[in-house]
Number of protein chains: 2
Amino acid sequence: MGKDDDGKHGTGRDSYHHGDLRRALIHAGLQLVAERGIEGLTIREVARRVGVTHTAPYRHFDDKMAIVAAMARDGLDMLNAQMEEAMDAAGEDPLQRYQASGVSYVMFAYRHPAYFRVMFLPAVSDREVYPEVATAKEAGYTVLREAIVACMDAGVLRRADPAELTMLSWSLVHGLACLYVDGQLEDADEAAVRERARRMTFHLWRGTRNA
Amino acid sequence: MGKDDDGKHGTGRDSYHHGDLRRALIHAGLQLVAERGIEGLTIREVARRVGVTHTAPYRHFDDKMAIVAAMARDGLDMLNAQMEEAMDAAGEDPLQRYQASGVSYVMFAYRHPAYFRVMFLPAVSDREVYPEVATAKEAGYTVLREAIVACMDAGVLRRADPAELTMLSWSLVHGLACLYVDGQLEDADEAAVRERARRMTFHLWRGTRNA
DNA sequence: ACCTGAACACCGTTCAAGT
DNA sequence: ACCTGAACACCGTTCAAGT
């Protein structure tokens, strides 16, 4: 010790380089949304928490919405990865994989409400302005859709327009997720939410199964 | 003419009394949310549009959230009325009435996105703070639930926990409504949305019907 | 009762300036 | 390259003051 006692040099926690600041801003922004909700997200408070001036973030992002879009993009990537992981953990049975994808969608929202809130904000949902967000959303849609097509191929879902069944499934899990995230439902622990999601997706399958 | 040429007296549009201001503020607030989204809602701009000082609204509402809560409450009342109206228009068949309630939920969101956005904000969803909002939400839940119980009584839905089926239905229509309202879906006209909602609720019924 | 005007502590964003 | 400080036009909210 005595070598790095000057916090202003080196890799101390109040010096940033190579885009570390970018990541730190995104992380602090999520934290803030988790604590105070979406309207509590403030560039100035984020900068304060990270330890830089309130204008520093503008070196990495065009404006406030660009930070939100970066948060949304990270969240969508996480969700997609988590859905695919859950499907793989579910094994080979197409129906199990389909159900796992829906349940994991709900569980992602339950575990990461700040990410989920930010992912579907209208302000970051214009594909002209934030194409990466739109692309990440499409990737998730495709995961779900292919799980459904696999069920049709295996004969456990009736042959129908895949787009229609995908929208149906997405609406159901998205609705349940939103109700939890927006505090519309009585509090429930993780196991209870998972069980509810499982039963709901099962009911849905029964309405769309083959014969 | 010539009698009311002085807009400052009488019942001209820039004088308020008997709580007219309250209604005018709510109306202007909705307009603003419709134009600029939830984060564009500003007490100062609302007051500006109504033609009063930015402190005048505080005579009628404790703070900004109280205005939002009043908007939410009005919207929920409208939704409940519209669901009941749609059920009556659907006739006597319990299944038709059940389906009509779900479809009208989605159509309300489609036609009144500003109301819908405001109705489920976490900030107005604490029953300790805004019990009227919570009560109005319960009334809607009850409408749906009773439509479901009527179907069970008539033997067109299997006997099960009504709460579970209500949550299932609510999640589905709420999810579709949110996806439209938040701009996650390609634009569609009213007839297309209604048809989609109809097909979805039908699929759901097939998964929960009796035998 | 209802409204006003000034004031305070915040915002997002821009820009000249520093290393 | 990256960060700072002052500045501008906004917010929500409070309060003494006016009719």
Side-chain angles (χ1 to χ4, degrees), chain A residues 6-26 28-29 31-33 35-71 118 121-124 129-130, chain B residues 6-26 28-29 31-33 35-71 118 121-124 129-130:
Chain A
D6 184 351
K8 299 195 139 202
H9 302 108
T11 52
R13 74 183 184 296
D14 43 16
S15 88
Y16 294 97
H17 35 244
H18 323 312
D20 276 14
L21 177 52
R22 190 191 146 89
R23 285 221 318 267
L25 291 168
I26 292 175
Q31 194 83 20
L32 202 47
V33 171
E35 287 172 26
R36 309 187 188 170
I38 210 76
E39 80 278 14
L41 177 64
T42 266
I43 270 196
R44 289 173 104 114
E45 175 64 19
V46 167
R48 232 173 266 133
R49 290 184 176 206
V50 164
V52 294
T53 318
H54 63 272
T55 58
Y58 287 90
R59 289 293 130 196
H60 298 273
F61 299 98
D62 280 349
D63 53 22
K64 186 183 174 180
M65 270 315 142
I67 302 190
V68 177
M71 290 163 46
V118 122
L121 285 180
V124 299
V129 187
Y130 301 109
Chain B
D6 185 351
K8 297 193 141 202
H9 302 107
T11 52
R13 74 187 185 291
D14 44 14
S15 88
Y16 293 97
H17 35 242
H18 323 312
D20 276 14
L21 178 53
R22 191 190 145 90
R23 286 220 317 267
L25 291 167
I26 293 175
Q31 195 82 21
L32 202 48
V33 172
E35 288 172 25
R36 309 188 188 171
I38 211 75
E39 80 277 13
L41 177 64
T42 266
I43 270 196
R44 290 173 103 114
E45 175 66 17
V46 166
R48 231 173 268 133
R49 290 185 176 207
V50 165
V52 294
T53 318
H54 63 272
T55 57
Y58 289 89
R59 290 294 128 195
H60 298 273
F61 300 98
D62 281 351
D63 53 22
K64 185 183 176 179
M65 270 315 142
I67 303 190
V68 177
M71 290 164 45
V118 123
L121 284 180
V124 299
V129 186
Y130 302 109

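In the text below, chain A, chain B and the rest are named by the order of the sequence lines, each starting its count at 1. Predicted model, so just to flag it, every value in this text is computed and none were measured. No hydrogens, no waters, no symmetry mates; every other heavy atom, side chains included, goes into these values.
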*Under the side-chain contact (heavy atoms from CB on, under 4.5 Å) rule, what do B/Leu21 and B/Val50 come out as? Steps first, then yes or no, please.*
CA-CA 8 Å; B/Leu21 178 53; B/Val50 165; 3.6 Å; yes
Over how many whole Å does the gap from [X] atom [atom1] to [N] atom [atom2] extend?
X       : N      : atom1 : atom2 : result
A/Glu45 : C/dG12 : CD    : P     : 10 Å
B/Lys64 : C/dC11 : NZ    : C1'   : 11 Å
B/Glu39 : D/dC11 : CD    : P     : 13 Å
B/Tyr58 : D/dT14 : OH    : P     : 7 Å
A/Arg36 : C/dC11 : CZ    : C1'   : 13 Å
A/Phe61 : D/dC3  : CZ    : P     : 12 Å
B/Leu21 : C/dC2  : CG    : C1'   : 9 Å
B/Asp20 : C/dC3  : CG    : P     : 10 Å

_With salt bridge (charged side-chain N to carboxylate O under 4.0 Å, His left out) as the rule and sequence neighbours excluded, what pairs involving residues 55-66 of chain A come up?_
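The answer is none; no pair qualifies.
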*Any salt bridge (charged side-chain N to carboxylate O under 4.0 Å, His left out) involving residues 42-58 of chain A? Give me the pairs, sequence neighbours left out, ordered by first then second residue.*
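Of all non-adjacent pairs touching residues 42-58 of chain A, those that pass salt bridge (charged side-chain N to carboxylate O under 4.0 Å, His left out) are A/Glu35-A/Arg49, A/Arg36-A/Glu45, A/Glu45-A/Arg48, A/Glu45-A/Arg49.
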_Side-chain N or O of B/His60 closer than 4.0 Å to phosphate OP1/OP2 of C/dA1_ = no
_Contact nearer the 5' end of DNA chain C, comparing A/Leu41 with A/Arg59_ = A/Leu41
*Which nucleotide in the set D/dC2, C/dG12, D/dG12 lies at the smallest distance from any side-chain heavy atom of B/Ile43?*
D/dG12
*Got a sec, which residues hit side-chain contact (heavy atoms from CB on, under 4.5 Å) with A/Tyr58, two or more places apart in sequence or on another chain?*
A/Ile43
*Which value, rounded to the nearest 0.5 Å, describes the distance between B/Ile38 atom CD1 and A/Ile38 atom CD1?*
12.0 Å
*Quick one: CD1 on A/Ile26 to NE2 on A/His60, what's the gap to the nearest 0.5 Å?*
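Here the rounded value is 10.5 Å.
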Please list, pair by pair, any protein nitrogen or oxygen found under 3.5 Å from a nitrogen or oxygen in nucleotides 5-10 of chain D.
unit_1, atom_1, unit_2, atom_2, d
D/dG5, O6, A/Thr55, OG1, 3.3

*Should B/Val33 and B/Met71 count as side-chain neighbours, where that means a heavy-atom distance under 4.5 Å?*
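Yes; the side chains approach each other to less than 4.5 Å.
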*Would B/Val46 and B/Leu32 count as a side-chain contact (heavy atoms from CB on, under 4.5 Å) if you check the C-alpha gap in whole Å, the side-chain angles of each, and the deciding distance to 0.1 Å?*
CA-CA 7 Å; B/Val46 166; B/Leu32 202 48; 3.7 Å; yes
*Which range-with-range stems can be found for DNA chain D when each stem has 3 or more Watson-Crick or G-U pairs in a row and both distances sit under 3.5 Å?*
C:4-8 with D:12-16, C:12-16 with D:4-8
_Can you give me the closest heavy-atom contact between A/Phe61 and A/Ala70, atom names plus distance?_
CE2-CB, 3.8 Å
